[in-house]
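Atom set for the values below is all heavy atoms of this structure, side chains included, hydrogens, waters and symmetry mates excluded. The first residue in the sequence is number 1, and the count goes up from there.
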Amino acid sequence: NTDMPAVTPAMIDWWFGWHLPSSARYRLWHPKAHVSARVKEDRSHLQDDRARYLNNESYVDEYIGKQLKKLAIKFVPPAQFGLRDLDQRGATAICAVTADRLLRSDGGHLVHLILPTTNGCQMRSGFWLGEINSNIHLLRPIVNRVGNARTMRKLMVSNRMCLDLLQHCSEEMAHLARFLPAL
């Protein structure tokens, strides 16, 4: 959980739509760990913040701990993860399927649920990692069977990686909370 004083859920939607097409903007978020970013479809011209990122894909290079990860992040509507009626609560959610670009396999899901508070908002971040789904059609049955075996999951999603991801997320969201209101 990250408390974000003076930040609104609408600001988070704006941020995700605004920073996607630019590596320089992406690096603002975590100057030490974020290396580069590009987006499948630049939708900067759209007025609706969510339309800029929903059903779009971001290709990022970033350090999680000491490892440089080359990720694809496919942003999906929150309803796809069972989150509904967020607008009625004044909330928003950033939901995505994550993939390792080098392995060409989906490997996780993320949810950043942003709820309004009396002085801003709180972001509750959750990750589901290690559910391998190959993006190479012919290899999918074999890769999925081997990749989803318990032993392989423990190798791919180690305790160290989980702790590094926890630290990375905590740092980037706390940093975002500090500069986003002024931006």
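- Distance check, rounded to the nearest 0.5 Å: CE of M11 to CG of L176 gives 10.5 Å.
- Side-chain atoms of H30 do not come within 3.5 Å of backbone N or O of H175 as any donor-acceptor pair.
- Two residues are said to be in side-chain contact when any heavy atoms from C-beta on lie closer than 4.5 Å; R52 and L20 fail this criterion.
- When side chains are defined from C-beta on, V60 does not count as touching H34, because their heavy atoms never get closer than 4.5 Å.
- Contact check for W14 versus R50: no side-chain heavy atoms found under the 4.5 Å cut-off.
- Counting heavy atoms from C-beta on, the side chains of K69 and M161 come closer than 4.5 Å.
- Judged by distance alone, with hydrogens and angles left aside, the side-chain atoms of S58 form no donor-acceptor pair with the main-chain N or O of V39 at under 3.5 Å.
- Taking the side chain as every heavy atom from C-beta outward, K32 and E171 never approach each other to under 4.5 Å.
- Summarising the local packing, CD of Q67 is surrounded by 12 or fewer heavy atoms from other residues, nucleotides or ligands at distances under 6.0 Å.
- Residues M4 and I12 meet the side-chain proximity criterion, which asks for heavy atoms closer than 4.5 Å.
- Separation of atoms CD (E41) and CG (N55) is listed at 10.0 Å; rounding is to 0.5 Å.
- Using a distance-only test at 3.5 Å, with no hydrogens or angles considered, a donor-acceptor pair links the side chain of R25 to the main chain of W18.
- Here salt bridge (Lys or Arg N to Asp or Glu O under 4.0 Å) pairs that include residues 173-183, with residues two or more places apart or in two chains, number zero.
- In this structure, the side chain of R84 engages the main chain of A79 through a donor-acceptor pair within 3.5 Å.
- Scored by the side-chain contact (heavy atoms from CB on, under 4.5 Å) test, K40 finds N56, E57, Y59 as partners (sequence neighbours excluded).
- S125 places none of its side-chain heavy atoms less than 4.5 Å from the side chain of L110.
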Test side-chain contact (heavy atoms from CB on, under 4.5 Å) applied to N119 and D3, step by step: CA-CA 9 Å; N119 68 336; D3 289 320; over 6 Å; no
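- The minimum heavy-atom distance linking G17 with P21 is given by the pair O-CD, 4.2 Å.
- A distance of 4.5 Å separates CG of D61 from CZ of R101, quoted to the nearest 0.5 Å.
- Between atom CD of residue E62 and atom OG of residue S36 there is a gap of 9.5 Å, rounded to the nearest 0.5 Å.
- For D48, the CG atom sits in a packed shell: over 12 heavy atoms of surrounding residues, nucleotides or ligands are nearer than 6.0 Å.
- Between P9 and T92, the shortest heavy-atom contact is O-CG2, 3.5 Å.
- When all heavy atoms of P181 and A6 are compared, the pair lying nearest together is CG-O, 3.6 Å.
- Other cluster members for Y63: V35, L68, joined by side-chain heavy-atom distances under 4.5 Å among Ile, Leu, Val, Met, Phe, Trp and Tyr.
- The side-chain heavy atoms of T98 and F127, taken from C-beta on, include no pair separated by under 4.5 Å.
- Here the CG-CZ distance, from D49 to F16, works out to 12.5 Å after rounding to the nearest 0.5 Å.
- Connection of L166 to I73 is not established within any shared hydrophobic cluster, with ILVMFWY side chains joined at heavy-atom distances below 4.5 Å, either directly or through further cluster members.
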Stepwise side-chain contact (heavy atoms from CB on, under 4.5 Å) check, V111 with W128: CA-CA 9 Å; V111 174; W128 174 257; over 6 Å; no
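- Linking ILVMFWY residues whenever their side-chain heavy atoms come closer than 4.5 Å, directly or via other members, places L183 and M173 in the same cluster.
- Of all heavy-atom pairs spanning A93 and Y53, the tightest one is O-OH, 4.2 Å.
- Contact record, V76 with Q80: CB-OE1, 3.5 Å, taken as the closest heavy-atom pair.
- Across every non-hydrogen atom of A177 and V7, the tightest pair is O-CG2, 3.9 Å.
- With rounding to the nearest 0.5 angstrom, the CD atom of Q122 is 7.5 Å from the OG1 atom of T117.
- Criterion: ILVMFWY side-chain heavy atoms under 4.5 Å apart, direct or through other members. Under it, W15 and L46 are not part of a common hydrophobic cluster.
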